[in-house]
Engineer: 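Structure provided below as C-alpha cells; questions to follow.
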Amino acid sequence: MKKTTKNTQSAKYQVPNELKERASNFIKDFMKSKNVNASMLAQMLKELDSNRSDSRTNILNKLARASFQLTEVMQILDLFDCELKIVPKNPIEGKENSSKVL
C-alpha cells in the first residue's frame with residue numbers, strides 16, 4: 001500500500017511589487033538625504049554592533065529586495081537621531097479614510 005502525504009504548508013504571503021518598491025525607495029531616499037551610501041551605512045551599522053555582518057553588498061541586496069527588518073530600519077534611523085512614527089494617510093478627495101490611528 002502506497003502512503004500518501006498531504007502538503008500542509010500554507011501559501012506564503014507575497015508582498016506586492018509596488019509595496020516593495022515604496023519600501024526600497026523610502027530607505028534610498030533617506031540615505032540620500034543624509035549623504036550616505038551603502039558602504040558607509042554598512043560601516044556605521046558595524047560600529048553600532050560589532051556582531052553585525054552587514055556589507056555594502058548586503059545593504060544593496062536588502063535595498064533591491066526591500067527586505068530590511070523593521071528593527072534594522074529603526075537602527076538606521078537611530079544612527080541619524082531620527083525615529084519612526086505611524087501617522088494616518090491624508091484621505092483622498094471624495095474617499096473616506098477608514099484607517100484608525102494606532
Side-chain angles (χ1 to χ4, degrees):
M1 181 175 257
K2 192 176 186 181
K3 254 188 181 178
T4 59
T5 58
K6 285 186 177 181
N7 186 357
T8 58
Q9 285 184 332
S10 59
K12 191 174 183 180
Y13 172 72
Q14 295 293 317
V15 178
N17 287 336
E18 181 183 320
L19 189 55
K20 285 182 182 180
E21 187 174 329
R22 282 178 51 209
S24 180
N25 287 338
F26 172 79
I27 297 294
K28 287 177 184 177
D29 291 345
F30 181 78
M31 289 171 59
K32 187 176 181 180
S33 75
K34 299 300 181 183
N35 296 316
V36 173
N37 62 33
S39 297
M40 294 164 67
L41 182 59
Q43 184 60 38
M44 293 170 80
L45 288 168
K46 281 182 187 177
E47 288 172 7
L48 183 69
D49 181 357
S50 61
N51 292 325
R52 293 187 70 100
S53 61
D54 288 315
S55 65
R56 175 187 171 275
T57 303
N58 182 272
I59 297 292
L60 290 173
N61 286 338
K62 286 181 180 188
L63 286 168
R65 292 188 312 262
S67 61
F68 282 96
Q69 294 180 10
L70 180 58
T71 53
E72 291 175 309
V73 172
M74 293 175 81
Q75 280 184 321
I76 292 168
L77 294 173
D78 279 347
L79 285 170
F80 298 96
D81 201 28
C82 295
E83 64 182 3
L84 181 65
K85 287 189 177 186
I86 298 173
V87 295
K89 292 180 179 180
N90 291 329
I92 298 172
E93 192 173 322
K95 186 176 180 180
E96 253 184 75
N97 186 355
S98 61
S99 64
K100 295 180 181 177
V101 177
L102 298 176

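Along the sequence shown, residues are numbered consecutively beginning with 1.
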Engineer: Show me the pairs that pass side-chain hydrogen bond (donor to acceptor under 3.5 Å, both in side chains) and involve residues 13-22, at least two apart or across chains.
Structural biologist: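 For residues 13-22, and leaving out neighbouring residues, there are no side-chain hydrogen bond (donor to acceptor under 3.5 Å, both in side chains) pairs at all.
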Engineer: Considering non-hydrogen atoms only, spot the tightest contact between Met31 and Asn37 and give its length.
Structural biologist: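 Residues Met31 and Asn37, closest heavy atoms: CE-C, 3.6 Å.
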Engineer: Could you tell me the separation between the CD1 atom of Ile76 and the CG atom of Leu84, rounded to the nearest 0.5 Å?
Structural biologist: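 With rounding to 0.5 Å, CD1 (Ile76) is 11.5 Å from CG (Leu84).
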Engineer: Do Met74 and Val87 belong together in a cluster built from hydrophobic side chains that touch within less than 4.5 Å?
Structural biologist: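 No: no chain of side-chain contacts under 4.5 Å links Met74 to Val87.
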Engineer: Please, which pairs that meet side-chain hydrogen bond (donor to acceptor under 3.5 Å, both in side chains) have at least one residue in residues 23-33, sequence neighbours excluded?
Structural biologist: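 Matches after skipping sequence neighbours: none remain.
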Engineer: Could you tell me the separation between the CE atom of Met44 and the CG atom of Asp78, rounded to the nearest 0.5 Å?
Structural biologist: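 The CE atom of Met44 sits 11.5 Å away from the CG atom of Asp78.
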Engineer: Hey, mind stepping through Ile27 and Lys62 against side-chain contact (heavy atoms from CB on, under 4.5 Å) and telling me if it holds?
Structural biologist: CA-CA 10 Å; Ile27 297 294; Lys62 286 181 180 188; over 6 Å; no
Engineer: Who passes salt bridge (Lys or Arg N to Asp or Glu O under 4.0 Å) against Arg52, sequence neighbours left out?
Structural biologist: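 Arg52: salt bridge (Lys or Arg N to Asp or Glu O under 4.0 Å) contacts with Asp54, Glu72.
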Engineer: Same cluster or not: are Val15 and Phe68 linked, directly or through other Ile, Leu, Val, Met, Phe, Trp or Tyr residues, by side-chain heavy atoms under 4.5 angstrom apart?
Structural biologist: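 No.
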Engineer: Please name all residues satisfying ring-ring contact (aromatic ring centres under 6.0 Å, His included) with Phe26, sequence neighbours left out, ordered by chain then number.
Structural biologist: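 Partners of Phe26 under the ring-ring contact (aromatic ring centres under 6.0 Å, His included) test: none.
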Engineer: To check you understand the geometry: which heavy-atom pair defines the closest contact between Ser55 and Ala42, and what is its length?
Structural biologist: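 Here Ser55 and Ala42 meet closest at C-CB, 3.6 Å.
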Engineer: Would you please name every residue forming a salt bridge (Lys or Arg N to Asp or Glu O under 4.0 Å) with Glu83, sequence neighbours left out?
Structural biologist: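 Only Lys85 meet the salt bridge (Lys or Arg N to Asp or Glu O under 4.0 Å) criterion with Glu83.
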Engineer: Minimum heavy-atom separation for Ser67 to Asn61, with atom names?
Structural biologist: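 Closest approach of Ser67 to Asn61, heavy atoms only: OG-O, 4.5 Å.
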Engineer: Please report the C-alpha distance between Leu45 and Ile59 in whole Å, then the side-chain angles of each, then the deciding distance to 0.1 Å, and finally whether the side-chain contact (heavy atoms from CB on, under 4.5 Å) criterion is met.
Structural biologist: CA-CA 10 Å; Leu45 288 168; Ile59 297 292; 4.0 Å; yes
Engineer: Does anything in residues 37-50 form a salt bridge (charged side-chain N to carboxylate O under 4.0 Å, His left out)? List the pairs, not counting sequence neighbours.
Structural biologist: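 Checked against salt bridge (charged side-chain N to carboxylate O under 4.0 Å, His left out) - neighbours excluded - no pair reaches residues 37-50.
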